[in-house]
Amino acid sequence: MQLPELRSIQRATWLKVHLYLALSVGFLFALMGLTGSLSMYRVELDELLNPQLIIEQPQGSTQSLDKIMAAVQAAHPTRYGAWTLEMPRNTHSMATAWFDKPTETFFELYAPLMVSVNPYTCEVVASRFWGQTATTWLLDLHTQLKLDRLGWNTVGLLGLLLLTSCGTGLYLWWPGLKALPQTFKLRHQSGMMWLAFDLHRLIGLFSAPPLIVLAFTGLLLSYPIILETLVGTSGMEHGETGRTITSTAIPNNHPTSLSAAWFVAQSAFPKAELRRVTTPAGDTGIYRINIRQACEVNHRHPYTTVWVDRWSGQIKEVRNPNTFSTGETFSTWVWPLHTGEALSATGRLAWFFSGISLFVLYVSGLLRWLCKIGKVQDRAVNLAAIKPKLLRLKTRLLELIALVIKHAPIAYAQTRAWISKAIVGRSG
């Protein structure tokens, strides 16, 4: 068999793989992309939809950890066990207390109680269950398709299939060195479908690298056993708290307070930032204090951890990412790289558009296929007719962007006020 003929057969084979993946799970790819892009700004969207979660004017200093936690426990006196208190992300944000397994959602895969507390006044502003708010519902759709463990495993397989789709797409894109300049042209003279095809190839080319990263990290998050096997570590996946550590001290009438436990933990990392404190559960329970060092890429879920004994006030164990092996350090990057947390604001925006590109790729590829089988008719692209409209649209968009930049703070405040009024009216 001649080499050109062999290459033609290989290309036809990979084209079928690429096509069948798109027709079978392309819609799910698009769904993962859209929900993932929106979830990248989950906290910001939640505050926009729930303006009561934003503190307009911070009132002096924040209350002590003990007072904040006491307010949470007073609002939920029958919930026994460990609570995790997450610190506000900025001066205008709420502190959030998490209760992992409330009775109302006990049998769900992941549906903790989230209690939002004003850190300046200790007022409990909202108590909500994960999956019952718009943004957490979207994130559940992204991570598990709202199908619990089955959906979680399915999303992991979708990550593997997306890797295959990106690989076949790049293979099919490569035209050879001589024809390389031609691949960056948009053939609008050849009709709407050729234009859609060229856009599909260009968008696919530039979005492939971030999509490969997102698909690979998503696969590792769904199947942490793969990560453990690759890097030779255990207990490093997202959500793991390290090995179980219990108190060996004798219970007494002078247990260490939350604030005191944080003070003790600071001695190990004096320049670190407090992110989370988990309270002890039972007599053998122990404080688990998560703090973030400046070198860590994890902002909300740092790996630096100090365990403080509830009864003796002594440090029982310390986990320091600076002492991690290469494999363990790689593990710490998986979650923040997938969510964009490890990237700058520009990087997060690039991740956002990469997710959106999956939807665009699905639609453009589907249109191309429907045209080939005769279900959609091609049509001419008259650029001469639409060019003035495009130029006017460009001018209007630039004016709109300038206007948004100028009036964004006012518009944002008015939108929040409107949402707040609508919520009050609905509750009344």
Side-chain angles (χ1 to χ4, degrees), residues 29-48 86-93 96 135-136 138-143 155-156 158-159 162-163 165-166 170 202-222 224 226-227 230-231 233 236-240 272-273 275-276 290-304 321-322 324 326-361 401 404-405 408:
F29 288 164
L31 181 64
M32 292 295 98
L34 288 175
T35 55
S37 292
L38 291 174
S39 296
M40 203 159 292
Y41 296 97
R42 178 180 67 82
V43 177
E44 292 85 350
L45 284 173
D46 192 35
E47 291 179 347
L48 180 63
E86 181 181 3
M87 298 300 104
R89 63 190 185 94
N90 56 49
T91 56
H92 295 275
S93 298
T96 304
T135 54
T136 57
L138 273 176
L139 187 53
D140 273 353
L141 188 61
H142 177 75
T143 58
V155 168
L158 286 174
L162 181 56
L163 284 172
S165 183
C166 289
L170 288 173
L202 275 178
I203 294 173
L205 172 65
F206 290 111
S207 63
L211 287 178
I212 288 172
V213 174
L214 290 168
F216 181 62
T217 52
L219 173 64
L220 296 181
L221 289 170
S222 291
I226 298 177
L227 177 63
L230 285 175
V231 300
T233 63
M236 292 295 296
E237 60 267 24
H238 177 69
E240 283 292 322
E273 172 193 7
R275 293 308 307 140
R276 293 169 178 251
N290 292 95
I291 52 185
R292 180 180 180 270
Q293 300 183 72
C295 60
E296 291 189 74
V297 293
N298 290 268
H299 290 261
R300 293 189 61 193
H301 303 274
Y303 277 83
T304 303
N322 290 326
F324 283 178
T326 302
E328 289 172 327
T329 300
F330 174 80
S331 300
T332 66
W333 274 82
V334 174
W335 170 261
L337 194 57
H338 186 79
T339 62
E341 191 176 301
L343 309 173
S344 62
T346 304
R348 286 181 73 196
L349 191 62
W351 251 223
F352 173 84
F353 284 114
S354 297
I356 299 296
S357 72
L358 279 173
F359 176 78
V360 178
L361 290 169
I401 291 172
V404 167
I405 293 174

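These numbers come from a predicted model, not from an experiment.
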What pair of heavy atoms forms the shortest contact from [X] to [Y], and how long is it?
X	Y	answer
Leu227	Phe330	CD1-CE2, 3.7 Å
Trp335	Leu221	CE3-CD1, 3.8 Å
Phe29	Leu358	O-CD1, 3.4 Å
Thr233	Glu328	CG2-CG, 3.4 Å
Ala215	Leu162	CB-CD2, 3.8 Å
Leu361	Gly204	CD2-N, 3.6 Å

Has Phe359 got more than 12 heavy atoms of other residues, nucleotides or ligands less than 6.0 Å from its CZ?
no
Answer yes when Arg292 and Glu86 have at least one side-chain N-carboxylate O distance shorter than 4.0 Å, and no when they do not.
no
Is any NZ, NE, NH1 or NH2 atom of the basic residue among Glu273 and Arg275 found under 4.0 Å from an Asp or Glu carboxylate oxygen of the other?
yes
Answer yes or no: is there a donor N or O on one side and an acceptor on the other, between the side chain of [X] and the main chain of [Y], under 3.5 Å?
X	Y	result
Asn298	Thr332	yes
His142	Thr35	no
Ser222	Leu219	no
Ser357	Ser354	yes

Spacing of [atom1] belonging to [X] relative to [atom2] belonging to [Y], to within rounding of 0.5 Å:
X	Y	atom1	atom2	value
Leu138	Leu34	CG	CG	10.0 Å
Leu205	Cys166	CG	SG	11.5 Å
Leu38	Leu45	CG	CG	6.5 Å

Test item: [X] and [Y] side chains (from C-beta on) under 4.5 Å apart, heavy atoms:
X	Y	result
Val213	Leu337	yes
Thr135	Ser39	no
Glu341	Val297	no
Phe206	Leu211	no
Ile291	Pro302	no

Would Leu220 and Leu230 count as a side-chain contact (heavy atoms from CB on, under 4.5 Å) if you check the C-alpha gap in whole Å, the side-chain angles of each, and the deciding distance to 0.1 Å?
CA-CA 10 Å; Leu220 296 181; Leu230 285 175; 4.1 Å; yes
Run His301 and Asn290 through side-chain contact (heavy atoms from CB on, under 4.5 Å) and show every step you take.
CA-CA 8 Å; His301 303 274; Asn290 292 95; over 6 Å; no
Applying side-chain contact (heavy atoms from CB on, under 4.5 Å) to Phe216 and His338, what does each step give before you reach the verdict?
CA-CA 9 Å; Phe216 181 62; His338 186 79; over 6 Å; no
Taking side-chain contact (heavy atoms from CB on, under 4.5 Å) as the criterion, tell me which of Glu44, Arg300, His299 meets it with Arg89.
Glu44
On the 0 to 90° scale, with breaks at 30° and 60°, tag the Phe324-Tyr303 ring pair as parallel, tilted or perpendicular.
perpendicular
side-chain hydrogen bond (donor to acceptor under 3.5 Å, both in side chains) filter on Ser93, not counting sequence neighbours, yields Glu47, Asn90
Test of understanding: with side-chain hydrogen bond (donor to acceptor under 3.5 Å, both in side chains), list the residues that count as partners of Asp46, not counting sequence neighbours.
Asn50, Arg128
Polar contact flag, side-chain donor to acceptor under 3.5 angstrom, Thr304-Gln293
yes
For Trp351 and Thr339, what are the C-alpha separation, side-chain angles and deciding distance, and is it a side-chain contact (heavy atoms from CB on, under 4.5 Å)?
CA-CA 8 Å; Trp351 251 223; Thr339 62; over 6 Å; no
